[in-house]
Each structure stands twice: as C-alpha cells, then as structure tokens.
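Both backbone and side-chain heavy atoms feed into the values below; hydrogens, waters and symmetry mates do not. In listed order, ligands and their atoms are each counted from 1. Sequence positions, counted from 1, serve as the residue numbers for this chain.
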Amino acid sequence: MTAAFFPAQDEVRQWLQDAAHIAMLTGAGVSAESGVPTFRDAQTGLWANFRAEDLATEAAFRRDPQRVWDWYAERRANMVHVQPNAGHHAVAAFQQRHPGRLTLATQNVDGLHQKAGSPEVLALHGNIFDDQWLDPCALARRPQDGCGVAQAEPGHPPRCAQCGNLLRPAVVWFGEMLPMDALAAAEQAAERCDVMLVVGTAGAVYPAAGLAHQARAAGARVVIVNPHPSELDDIAHRVLAGTSAQVLPQLLDF
Ligand code: APR
C-alpha cells in the first residue's frame, strides 16, 4: 500500500540503507501533526494585527519588551504540553540505533525532537523555552556584584537587578545570525552526507534552506518529505508527497 502511495519511497529507503552518513533538515511541518501552531497560525486573536517585525525582531523587543514577552509567553504556554509525533520518534529511534549516522538540524524552536529523545539536535533557530541576555551583561563578569542574576516579576520580562539588562527568548529573530557552532556543524553534515532529507519545511528561509543546496552541490541525493510543494523541489532527486508522521517511520525503520 505504501509503495502505491509513494512509488519512490522504497528507492529512497534503499538510498538511506546504503548511506554512511545522512543529514536531515526539519521545519515546522514535522510538528504539524503534534498540533504546534506555526508562527503564522499563532497570530490569532489579539496578535492578528501585528506584523512579524512587531513581534520577532530585536528592535521590536527593545521598543516594547512587554509586548514581545507576552507574545512568547503565550506561545510557550501553547507549546509546553505538546508531544512529539511518530515522525520525531522515528528520527530519535534511528539516531539511537545508529549513533553518529544521522545529523539532525532543525529550524523548529519547540524542542520536540529533543523531547522524542534525539541525542543530538542542531537547533538552528534556538529553543523557545530558553532565555538569554539581551545585551552582553557588562557587570556579569563580576558575580560578586550580583550582576547577571535575573529577577522576575510575574508576567514581566526578567531583568538583572544590578544593571537592568533584560532576558529575552533564546530564539533567532528575523535579521539575526544563527548560532555559529550549530550552523557550522549542519554545514559540515551537508557537505559530507550521502543523503540529505529535507522534511516539513517550505525551504524559503536562509541560511537553513541553503543546506539542501550545499548537499546537492557536494554530490548527495536530496529527498524532500512534504505533502505540499516547497521551494526546494527543483533541486531534489525525489519528492515524497506525504506527511512526516506517515513517511519517516517507514523510511527510517531499519
Ligand atoms: N509533514 C510534513 N510537512 C508538512 C506537514 C506535515 N504533516 N504539514 C505541513 N508541512 C509543510 C508545509 O507544506 C510547509 O512547506 O511544512 C512546511 C512549513 O513551512 P513554514 O511554516 O514556512 O515553516 P518552515 O519552513 O519551518 O519555516 C522556516 O521561518 O517562520 C520562520 O524562523 C521561522 O523556523 C521558521 C522558518
């Protein structure tokens, strides 16, 4: 039945079996079947009138920290009880069965790959449940002054009581650099992989989408799993038009 729906799937599975190293890039689509609202989906109700630049940029946070904090507090609350789906579990189980064979890079900030038990996740866009200082805390190097310790009033962005520096969500906002170590490791995996699996991403946001181009240029087979067309379809050797929770357990079951 599977083969009838996805004629290319058995072939891709064989490529994966033959591959010494697999790279994988995931996006919001892998969490769709867990019910995680995408950035756009989350912009309902009160938030519908804001543009992305009002909610997910450093300038927006500096302008109105409370508003951005509230937006992230709501997204965190919506995500905290969400559970990984069969796609996340298939990837995690594969990584556990074959240590070091699959390098997983994700654009998702929901932590679901980690929750599923993936031993190593390159979180290219950060993690929504973590915080980081907005500015390098100048006094933080002098812990004897008590600087660099966050103090929070409920519902407000936490501040350093000494210097006033704010904590912000540790996600990559529009216009920001990706974490250098994670990006470098993902690029290295794209360079050396035999197969690059691109799952649940529209392939429109760079530099993450560039990993697929890089893998293709380096000679890897590029495979897309996405029920809808993506911007990377043109460079893919195969497009499997199914959902990640359906397709990944069948591709990664060895
Ligand atoms: N299985 C696989 N793919 C799916 C599924 C599913 N069940 N449901 C939807 N998709 C696909 C859609 O067809 C779409 O191509 O997931 C993709 C989601 O695209 P986007 O919402 O644009 O998410 P993504 O590509 O991850 O966005 C990248 O952009 O919004 C910023 O920083 C944010 O990390 C995000 C980045």
Problem set entry | Non-hydrogen atom of Pro227 closer than 4.0 Å to ligand 1 | yes

Problem set entry | For His125, the ligand 1 atoms whose distance to one of its heavy atoms is below 4.0 Å | 32 (O), 34 (O), 35 (C), 36 (C)

Problem set entry | Contact (N/O only, under 3.5 Å) between Asn226 and ligand 1 | yes

Exercise. Minimum heavy-atom separation for Val195 to Val223, with atom names?
Worked result: CG1-CG2, 4.2 Å

For this session: Answer side chain, backbone, both or neither: which part of Glu33 comes under 4.0 Å from ligand 1, heavy atoms only.
Result: side chain

Exercise. Are any of the side-chain nitrogens in Glu191 or Arg216 under 4.0 Å away from the carboxylate oxygens of its partner?
Worked result: no

Exercise. Any nitrogen or oxygen of Thr201, main chain or side chain, under 3.5 Å from a nitrogen or oxygen of ligand 1?
Worked result: yes

Exercise. Per the salt bridge (Lys or Arg N to Asp or Glu O under 4.0 Å) rule, which among Asp110, Asp131, Asp70 passes with Arg76?
Worked result: Asp131

For this session: State the atoms of ligand 1, each with its element, that fall below the 4.0 Å cut-off from a heavy-atom position in His228.
Result: 13 (O)

For this session: Please report the C-alpha distance between Glu176 and Arg168 in whole Å, then the side-chain angles of each, then the deciding distance to 0.1 Å, and finally whether the salt bridge (Lys or Arg N to Asp or Glu O under 4.0 Å) criterion is met.
Result: CA-CA 14 Å; Glu176 291 187 324; Arg168 53 160 279 186; 2.8 Å; yes

Exercise. With a 4.5 Å limit on heavy-atom distance, are the side chains of Leu122 and Thr106 in contact?
Worked result: no

For this session: Enumerate the atoms of ligand 1 whose separation from the nearest heavy atom of Ala28 is less than 4.0 angstrom.
Result: 21 (O), 23 (O), 24 (P), 26 (O)

Exercise. Applying a 4.0 Å heavy-atom criterion (strictly less than), which segment of Val205 is in contact with ligand 1: side chain, backbone, both, or neither?
Worked result: side chain

Seminar exercise, completed: When every non-hydrogen atom of Ala220 is compared with those of Met196, the smallest separation belongs to CB-N, 4.5 Å

For this session: Of all the heavy-atom pairs spanning Gly27 and Gln107, show the shortest one and how long it is.
Result: CA-NE2, 3.9 Å

Exercise. Could an N or O of ligand 1 be found under 3.5 Å from any N or O of Ala202, whether backbone or side chain?
Worked result: yes

Exercise. Polar-atom distance check: Gly200 versus ligand 1, any N or O pair below 3.5 Å?
Worked result: yes

For this session: Pick out which of Val222, Leu211, Val239, Val198 makes a side-chain contact (heavy atoms from CB on, under 4.5 Å) with Leu232.
Result: Val198

Exercise. N/O to N/O below 3.5 Å, does that happen between Gly27 and ligand 1?
Worked result: no

Seminar exercise, completed: Short version for Ser244: what comes under 4.0 Å of ligand 1, heavy atoms counted, is both

